[in-house]
Structures are given as C-alpha cells and as structure tokens.
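Below is one structure, written out as structure tokens; comments come after it.
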Amino acid sequence: NSEMKFLLQVLSVCLSTMIAFAEPANLAEASNGRFATGVGISDRIPEMKDDWTLLKKHFQLITPENCMKPAAVQRKEGEFRFEQPDAFVAFAQEQDLKVVGHCLVWAKDDRTPPWFYLDDEGKPLGREALLARMKVHIDTVVGRYKGKIAMWDVVNEALDDGEEFL
C-alpha cells in the first residue's frame with residue numbers, strides 16, 4: 001500500500017531525528033501530553049496486522065479513509081451499509097485507539113451518491129429537501145456510533161475545486 005509506505009518513510013525520518021537528539025521514542029511521547037497524535041489510515045486496517053505495532057506505537061487517534069463517507073455508508077437512499085465502518089470502529093476499540101469519524105457531509109460528488117443532492121429529474125435539490133436528507137443521514141450515522149467516535153469531521157471539501165462551482 002503506497003500510503004503505508006509513505007507513512008513508514010515519514011516515521012523513519014522522524015524517528016531517526018528523535019534518536020539523534022535523544023528525543024522520546026515515539027510521536028505520542030514527543031507531544032509530551034500536549035495533544036494526541038493521529039493518522040488517516042486505510043479502511044482495511046483491521047486486516048493489516050503487520051501494521052498494527054507501528055500504528056499503536058505512534059498514534060492514539062485514527063481516521064478512516066473512505067468507509068464512513070456518504071457513498072460508502074448510504075449508496076442508495078435509506079439503505080445503510082455499516083459492515084466496514086463497524087469493523088473499523090471495533091478494531092479501534094480493541095486496540096485502545098480513538099476514532100475520528102470521517103465524514104458526515106462530503107460535498108464532492110465522488111464520495112456522495114447523486115441521490116443525496118439531486119431530485120428525480122437530475123436537478124439540484126432545493127434547500128429544504130437537501131437539509132432533510134442530510135439530517136436523516138447524520139442522525140443515523142452519528143446515532144449508530146454514539147459513544148464510540150471521539151470526534152467528527154462533519155463537513156469536508158465543501159467547495160468544489162473544479163470548473164463547477166457550488
């Protein structure tokens with residue numbers, strides 16, 4: 001996985017620097033209790049046992065890459081799929097890691113299914129209809145993970161960076 005290789009390279013440089021200056025043995029200790037360290041990581045981390053030791057050594061917070069975004073959780077209106085986010089959250093609990101839920105509202109269409117923001121004719125939903133869909137989605141997801149998620153990325157990439165402006 002290229003993301004994991006990059007993370008390992010960054011950690012290697014950080015650790016080498018810490019050792020050279022007799023700094024703490026890991027990133028978590030380097031913060032000296034001022035803040036928790038976290039990482040965005042593959043949704044499939046529960047299956048990646050070889051990465052667990054490194055992950056737990058340096059981080060207290062983990063953020064799933066895509067499994068909690070609207071397209072993963074609710075591909076079709078009213079049909080929620082929680083298998084992968086449930087596995088991610090269960091893994092975090094078993095490993096004594098906190099989860100940053102990512103994310104409830106994703107404005108870019110690659111991670112939000114069209115039904116979420118378009119009407120039956122393919123036109124943008126009106127304000128009230130969109131807010132109602134967002135409320136159902138947010139209430140359902142947050143309700144499912146109440147007490148299991150440390151914090152939420154509520155809205156992410158709210159502005160389009162392409163030719164189509166929101």
Side-chain angles (χ1 to χ4, degrees), residues 1-4 6-7 10-11 27-28 30-31 33-48 51-52 55-56 58-120 122-166:
N1 182 320
S2 62
E3 293 172 2
M4 189 54 66
F6 176 73
L7 176 61
V10 169
L11 287 175
L27 294 174
S31 72
R34 292 183 295 246
F35 55 87
T37 55
V39 64
I41 195 144
S42 171
D43 301 328
R44 302 202 185 285
I45 190 64
E47 304 161 20
M48 303 165 67
D51 298 330
W52 294 2
L55 177 68
K56 286 189 62 177
H58 293 285
F59 302 104
Q60 301 88 44
L61 297 164
I62 58 174
T63 304
E65 184 177 19
N66 291 310
C67 70
M68 289 186 164
K69 290 177 182 170
V73 172
Q74 193 182 186
R75 170 76 41 211
K76 294 180 180 177
E77 187 171 11
E79 294 181 20
F80 290 88
R81 300 180 316 191
F82 290 111
E83 296 83 10
Q84 196 167 22
D86 284 354
F88 191 93
V89 170
F91 164 80
Q93 290 177 321
E94 291 164 8
Q95 300 298 319
D96 198 29
L97 297 164
K98 293 180 182 174
V99 176
V100 177
H102 179 74
C103 74
L104 296 168
V105 178
W106 184 270
K108 299 192 83 167
D109 61 0
D110 63 333
R111 298 288 181 231
T112 300
W115 72 263
F116 208 96
Y117 55 89
L118 298 176
D119 66 17
D120 293 338
K123 296 178 183 173
L125 277 180
R127 180 180 188 275
E128 295 307 315
L130 180 58
L131 289 174
R133 288 181 182 181
M134 288 170 53
K135 180 169 180 22
V136 168
H137 181 78
I138 291 168
D139 287 350
T140 302
V141 176
V142 170
R144 182 175 187 91
Y145 297 108
K146 184 176 181 177
K148 298 177 182 179
I149 301 289
M151 62 195 79
W152 285 96
D153 292 337
V154 177
V155 178
N156 201 327
E157 300 200 25
L159 300 177
D160 192 343
D161 58 0
E163 307 250 341
E164 298 288 324
F165 298 104
L166 298 177

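For Val99 against Ala92, the heavy-atom pair with the smallest separation is CG2-CB, 3.3 Å. The heavy-atom pair separating Arg133 from Tyr117 by the smallest distance is NH1-N, 4.5 Å. The two residues Phe80 and His137 make their nearest non-hydrogen contact at CE2-ND1, 3.9 Å. Taking both residues in full, the closest heavy atoms of Pro85 and Tyr145 are given as CB-OH, 3.2 Å, listed atom of the first, atom of the second, then distance. Minimum heavy-atom separation, Ala72 to Cys67: CB-O, 3.6 Å. A pairwise comparison of heavy atoms in Val89 and Ile149 identifies CG2-CD1, 4.0 Å as the closest pair.
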Inset, instruction - Would you sort out whether Met134 and Phe116 count as a side-chain contact (heavy atoms from CB on, under 4.5 Å), showing the intermediate values? - result: CA-CA 8 Å; Met134 288 170 53; Phe116 208 96; 3.6 Å; yes
Inset, instruction - Start with the C-alpha distance between Thr112 and Lys69, add both sets of side-chain angles, then the distance that settles side-chain contact (heavy atoms from CB on, under 4.5 Å), and finish with yes or no. - result: CA-CA 7 Å; Thr112 300; Lys69 290 177 182 170; over 6 Å; no
Inset, instruction - Give the intermediate values and the outcome of side-chain contact (heavy atoms from CB on, under 4.5 Å) for residues Leu97 and Phe91. - result: CA-CA 8 Å; Leu97 297 164; Phe91 164 80; 4.1 Å; yes
Legend entry - Pair Met68-Trp152, side-chain contact (heavy atoms from CB on, under 4.5 Å): steps then yes or no: CA-CA 10 Å; Met68 289 186 164; Trp152 285 96; 4.2 Å; yes
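Taken to the nearest 0.5 Å, the CG atom of Leu61 stands 5.0 Å off from the CE atom of Met151. To the nearest 0.5 Å, the span separating CG on Leu130 from CZ on Arg127 amounts to 9.5 Å. Once rounded to the nearest 0.5 Å, the distance linking CD1 of Ile62 with OG1 of Thr37 reads 12.0 Å. Taken to the nearest 0.5 Å, the CD1 atom of Ile41 stands 7.0 Å off from the CZ atom of Phe88. How far CG of Asp51 is from NZ of Lys56: 14.0 Å, rounded to the nearest 0.5 Å.
Side chain of Arg111 to main chain of Pro70: no donor-acceptor pair is present (N/O by atom type, distance under 3.5 Å, no hydrogens or angles).
Considering only residues two or more places apart in sequence or on other chains, Asp153 meets the side-chain hydrogen bond (donor to acceptor under 3.5 Å, both in side chains) condition with His102. Remark: Thr140 engages no residue in a side-chain hydrogen bond (donor to acceptor under 3.5 Å, both in side chains) (not counting sequence neighbours).
Within the structure, salt bridge (charged side-chain N to carboxylate O under 4.0 Å, His left out) contacts touching residues 83-93 (residues at least two apart or in different chains) are Asp86-Arg144.
Salt bridge Lys135/Asp139: present, at least one basic N to carboxylate O contact under 4.0 Å.
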